[in-house]
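Following: one structure in structure tokens, then a few remarks.
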There are 2 protein chains.
Amino acid sequence: MVTPYRVRQLQMREEAILDVAHVLLGKYGYDAMTMDDVAAEVGIAKASLYKHFVSKEKLAARTMVRLFDRTVAQLAALPANKSAFEKLRDMLEWALRERLKGGIPHLPSTSSTLEQSLMTDEPYLASLLSLNAALSLLVDEAKNDNAISAELPTDYVVTAIYARTCDPTLEYMQRGRTYSDDEIVRFMLDGFFVGIVVRS
Amino acid sequence: MVTPYRVRQLQMREEAILDVAHVLLGKYGYDAMTMDDVAAEVGIAKASLYKHFVSKEKLAARTMVRLFDRTVAQLAALPANKSAFEKLRDMLEWALRERLKGGIPHLPSTSSTLEQSLMTDEPYLASLLSLNAALSLLVDEAKNDNAISAELPTDYVVTAIYARTCDPTLEYMQRGRTYSDDEIVRFMLDGFFVGIVVRS
DNA sequence: GTCTATAGTCTGATAGAC
DNA sequence: GTCTATCAGACTATAGAC
């Protein structure tokens, strides 16, 4: 059976809303983004916006879920012959480049109000958990390969990876216009994986 | 000449206000902290609060300035015989422990509105600049000692140090209650300076 | 359009320094 | 006793969720 025209229209509009929310959340953060902004940018009435998302919090949660799902998909798309360590590096690089393009970070670190509401959002938690599981597996695998230090707990490493995607260093460097995106990504990746000390 | 009683009272109250703002900013962040909260916590009328600080933005800026000044003082108090690298490590450790005690981070990463207003606040910029200068010197010195990789630009390293003080990893680990404060600090310091890869 | 939250102001009463 | 700072809290204005 063919999907009715009306339904497809709704789905497309929902995607459009999420696209706009993604950009605006990345640009202004949760608190500074207004629902008026979103509606205006999508080009729909505010009431229509609320037909799709019952609250600002739900809109943000759904945007995050879409990001997590995309991240999991990205992870699954990596060449199978790469090592766990290489996969982790590739994933972080992908996330950083998404950020440089204006995407939202993987942690709601910019708003404690948002964080609170996300913690009670079932779809969000489920999506987060599945990404967590995938990343934890990779980190453990990299530890087994003796690529990542076993002295750091896995949950610390996973959290630190998330945190890199909302590291303000990225924006400061980008704002400074001194370095290219490629350089910034290299600094951040090396800084995270290899540290800043001189290797002996 | 003795400082008049009235003046000393005013100074003490100003300190008390800044103490409260420091705690509340650390706890809730700029946007979620209200001036009513501050006044109530200090135990004064809101009007009196505005006698000291003409706006919420100025109050936050002054709180940040005090933090920077304390940081510079902390830096100056380090034993002179320590290497630049050790000093940087000690400074970051001090900042992380302050954070764990509920202090505010060194970057206004939690609020873009605050960040905007700080960028036009002269005393804030002056104080930030002086801390920047001190840290940049240390990083360059550590590079000369071959302790910090010369491949990473100094401004990247300095920004990354600031960013570590507002790294959400800290709060996530603290909230998890799995690790002691000492462990968390060790993970963060090792993660930052040494990285997460296995040393060969 | 409605309602809430909150920054910032104003007033009349009060307490305490001198 | 006078005076000034402070108090409690009402009030305005505005932004923004819904």
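In what follows, every chain begins at residue 1, and chains take the letters A, B, ... in the order their sequences are listed. The model shown is predicted, which means the values in this text are computed figures rather than measured ones.
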Quiz prompt | Ala95(A) versus His106(A), closest heavy-atom pair with distance | solution = CB-CE1, 4.1 Å
Hey, what are the protein-to-nucleotides 7-12 of chain C N/O distances that come in under 3.5 Å?
unit_1: dA7(C); atom_1: OP1; unit_2: Lys56(B); atom_2: NZ; d: 3.1
unit_1: dA7(C); atom_1: OP2; unit_2: Met35(B); atom_2: N; d: 2.9
unit_1: dG8(C); atom_1: OP2; unit_2: Tyr50(B); atom_2: OH; d: 3.1
unit_1: dG8(C); atom_1: OP2; unit_2: Lys56(B); atom_2: N; d: 2.9
unit_1: dG8(C); atom_1: N7; unit_2: Lys46(B); atom_2: NZ; d: 2.6
unit_1: dG8(C); atom_1: O6; unit_2: Lys46(B); atom_2: NZ; d: 3.0

Quiz item: Would a line drawn from the ring center of Tyr124(A) to the ring center of Phe68(A) be shorter than 6.0 Å?
Solution: yes
Quiz item: Ring centres of Tyr179(A) and Tyr156(B) under 6.0 Å apart?
Solution: no
Side-chain ion pair, [X] and [Y], N-O less than 4.0 Å:
X         : Y         : value
Asp121(B) : Lys58(B)  : yes
Arg89(A)  : Glu93(A)  : no
Asp167(B) : Arg164(B) : yes

Quiz item: What parts of residues 37-44 of chain B reach DNA chain D, counting only heavy atoms under 4.0 Å away?
Solution: Gly43(B), Ile44(B)
Quiz item: Which residues within residues 15-26 of chain B lie with some heavy atom under 4.0 Å of an atom in DNA chain D?
Solution: none
Quiz item: Got a second to check how far Lys46(B)'s NZ is from Asp36(B)'s CG, nearest 0.5 Å?
Solution: 4.0 Å
Write down the distance between [atom1] ([X]) and [atom2] ([N]), rounded to a whole number of angstrom.
X        : N      : atom1 : atom2 : result
Met12(B) : dT6(D) : CE    : P     : 13 Å
Lys51(B) : dT4(D) : NZ    : P     : 13 Å
Glu14(B) : dA5(D) : CD    : P     : 15 Å

Practice problem: Determine, stepwise, if the pair Glu115(B) / Ser112(B) fulfils side chain to side chain donor-acceptor pair (under 3.5 Å). | Solution: CA-CA 5 Å; Glu115(B) 201 177 344; Ser112(B) 57; over 6 Å; no
Quiz item: Can you find a pair of side-chain heavy atoms, one from Val65(B) and one from Leu128(B), that are under 4.5 Å apart?
Solution: no
Practice problem: Indicate whether OP1 or OP2 belonging to dT6(D) is found under 4.0 Å from a side-chain N or O atom of Arg13(B). | Solution: yes
Practice problem: Return yes when atom OH of Tyr28(A) has more than 12 non-hydrogen atoms of other residues, nucleotides or ligands closer than 6.0 Å, and no otherwise. | Solution: no
